[in-house]
A.B. asks: 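My questions will all concern the structure given below.
By convention here, the first residue in the shown sequence is residue 1. Note that ligands are numbered from 1 as they come in the structure, with each ligand's atoms numbered from 1 the same way.
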Amino acid sequence: MTSVNDQTQIEQETGNTEGESKDSVKQEKEMKPEESNANSPTELSKLTKIVKHSKPEQPLGFDGFKKQYYRYASKFGTTLNLLVVGGSSLGKTTFVNSLIQGSLTGKKTAKTSDFMQHRLRMTDGDINFNLTILDTPGFGEKCDNSNCWKPLANILVQRLNAYFENEIKACRQLPIVDTRIHGCLFFINPTGHMLDPLELYVMKRIDRFVNIIPVIAKADMLTPEECARFKRNIIKDLQHEHIQFFHEPGKSIEGINYGMPEPFALIGATKGMQSDSKNAIRGREYPWGVINIDDPQHSDFCAFRNFLLYTHAEALIEKTHKVIYDALRTERLNKLKSQPNGFYTSSKKLVEEYMKAELGRVERSLRQTVQDKLQEKENLLAYTEKQLEAKHKEYEESLINRCNELKSQKQSLENLVRSDKTKKHSIFFK
Ligand SMILES: Nc1nc2c(ncn2[C@@H]2O[C@H](COP(=O)(O)OP(=O)(O)OP(=O)(O)O)[C@@H](O)[C@H]2O)c(=O)[nH]1
Ligand SMILES: [Mg+2]
């Protein structure tokens, strides 16, 4: 959007002066491309249409753009889809309940055994906000967790593919319903040290398909210093492992920090209670006191809710559309192009293909690991064998030496005995 001030700047850059304008709004003559030297930057600037506004005190109407956007947003609303992922019993369901202001019965949440979708339609004035949260069962409970990322990747790819399939149809289903996941709230075990290898493994498998938003679960288990250190360690681990996660360089607009420098530390609550000042709060009770999850001094819950709903919803949606979906779209279109007669592959088949390829990759890496271990063991065996052979040879040599020594001792003793006998014989005959 160009303001009147910007307009003046453009005029200065293109060398036009206010004195040149005679009519109230004058349109500069457009040069035909063949008349100009298109390669020269000064000539190129002359091709630009410049509308001069002789009464700068009267607005051109660009400021109505905000209203246009407002009307558009209130007509169609905003849709944000979130996926909640993490190890088992890290408080995912409790957090979802806290976010959507669900049940505050104080009852223990049941173990999540399947994907659970919560839909919420919120209104703020005329603007509708459609929030969908997909709660998932916790991973990491099996002996072999190498496949625990698959259901997550499956749902992410499926939804991206569904959007792509609708988009490439000649007659698209309108309005387009966006079911793509815009953010993955990744609950991290509050160890206080570093990320769990399984957490890194799962993140690595899904970071191509979604904006990963790392959050520290059950932050009440950490002291403020431990929590601050843990946040820094998490970022270091993610950068070290080249895991793509959602972040923006910290920037502050009108006193609100729009950046996301560190993971949020969350505390979930299932119980409504009264604070010391008799206010109704949502919190957790401990022998030493009460934690109010909405208190910014106790947890980042409020900051995180603001981040998701007020400050970064658009950024999450835009990044999903312009970066994540675009990469998948390019890949799929290239695939379509390379196939004879633009052969179309259904999303189910694409997911199957993806899963097959990933399974092949995991299998190959496992086979390689087993082979490496086998080779290591064989090398160790060969080394031990060599050492044993050398020891055996040494022992054999020492035995032969000892045998020769004993033989020579025996010989000398026999000689001694023989000389004694001759001595005795000579004395007797004397
Ligand atoms: N200390 C502490 N406990 C919590 C917090 N949030 C939830 N819990 C407790 O952790 C237990 C598990 O909570 P859930 O919300 O069921 O955890 P989940 O991650 O959904 O578990 P699964 O669905 O089995 O993976 C419950 O007893 C909760 O009360 C928290 O912030 N701090
Ligand atoms: Mg759960």
A.B. asks: Donor-acceptor pairs under 3.5 angstrom involving side-chain atoms of residues 185-192: please list them, not counting sequence neighbours.
C.D. replies:
from : atom 1 : to   : atom 2 : distance (Å)
T191 : OG1    : H193 : N      : 3.4
T191 : OG1    : M194 : O      : 3.1

A.B. asks: Indicate every side-chain donor-acceptor pair of residues 113-122 with a distance under 3.5 Å to a residue at least two apart or in another chain.
C.D. replies:
from : atom 1 : to   : atom 2 : distance (Å)
Q117 : OE1    : R159 : NH2    : 3.0

A.B. asks: If the cut-off is 4.0 Å to any non-hydrogen atom of S88, which atoms of ligand 1 fall inside it?
C.D. replies: 24 (O), 25 (O)
A.B. asks: Check the Mg ion (ligand 2) and write out every protein N, O or S atom at under 2.8 Å, as residue and atom.
C.D. replies: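 Near the Mg ion (ligand 2), below 2.8 Å, one finds T93 OG1, T112 OG1.
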A.B. asks: Considering the heavy atoms of T94, write down every atom of ligand 1 situated less than 4.0 Å from one of them.
C.D. replies: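 Ligand 1 atoms under the 4.0 Å threshold to T94: 6 (N), 7 (C), 13 (O), 14 (P), 15 (O), 28 (C).
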A.B. asks: Is it true that K92 and D135 make a salt bridge, defined as a side-chain N closer than 4.0 Å to a carboxylate O?
C.D. replies: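 Salt bridge: no.
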A.B. asks: Output the distance between atom CD1 (I133) and atom OG1 (T93), rounded to the nearest 0.5 Å.
C.D. replies: 11.0 Å
A.B. asks: For T136, is at least one N or O under 3.5 Å away from an N or O on ligand 1?
C.D. replies: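 No, there is no polar N/O contact under 3.5 Å.
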A.B. asks: Are R332 and F164 in a cation-pi setup, meaning NZ or CZ lies under 6.0 angstrom from the ring centre and within 45 degrees of the ring axis?
C.D. replies: no
A.B. asks: Within the 4.0 Å heavy-atom shell around D220, which atoms of ligand 1 are there?
C.D. replies: 1 (N), 2 (C), 30 (C), 31 (O), 32 (N)
A.B. asks: What atoms in ligand 1 come closer than 4.0 Å to a heavy atom of G138?
C.D. replies: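 The atoms of ligand 1 under 4.0 Å from a heavy atom of G138 are 25 (O).
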A.B. asks: Going by the rule salt bridge (Lys or Arg N to Asp or Glu O under 4.0 Å), which residues pair with K393 if we only count those two or more places apart in sequence or in a different chain?
C.D. replies: none
A.B. asks: Based purely on interatomic distance, does Y286 place a nitrogen or oxygen under 3.5 Å from a nitrogen or oxygen of ligand 1?
C.D. replies: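 No, Y286 has no N/O under 3.5 Å of an N/O on ligand 1.
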A.B. asks: Does any N/O atom on P137 come nearer than 3.5 Å to any N/O atom on ligand 1?
C.D. replies: no
A.B. asks: Which value, rounded to the nearest 0.5 Å, describes the distance between L308 atom CG and H182 atom NE2?
C.D. replies: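 Nearest 0.5 Å value for the CG-NE2 distance: 12.5 Å.
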A.B. asks: Only one of F307, F264, F304 clears ring pair (Phe, Tyr, Trp, His ring centres under 6.0 Å) with H312; which?
C.D. replies: F307
A.B. asks: Short N/O distance, under 3.5 Å, between I267 and ligand 1?
C.D. replies: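 Min N/O separation from ligand 1 is not below 3.5 Å for I267.
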A.B. asks: With T320, which of D178, D326, N81, N211 fulfils side chain to side chain donor-acceptor pair (under 3.5 Å)?
C.D. replies: N211
A.B. asks: Does a side-chain heavy-atom distance below 4.5 Å link I293 with L266?
C.D. replies: no
A.B. asks: Report yes if L90 has an N/O atom closer than 3.5 Å to an N/O atom of ligand 1; otherwise report no.
C.D. replies: yes
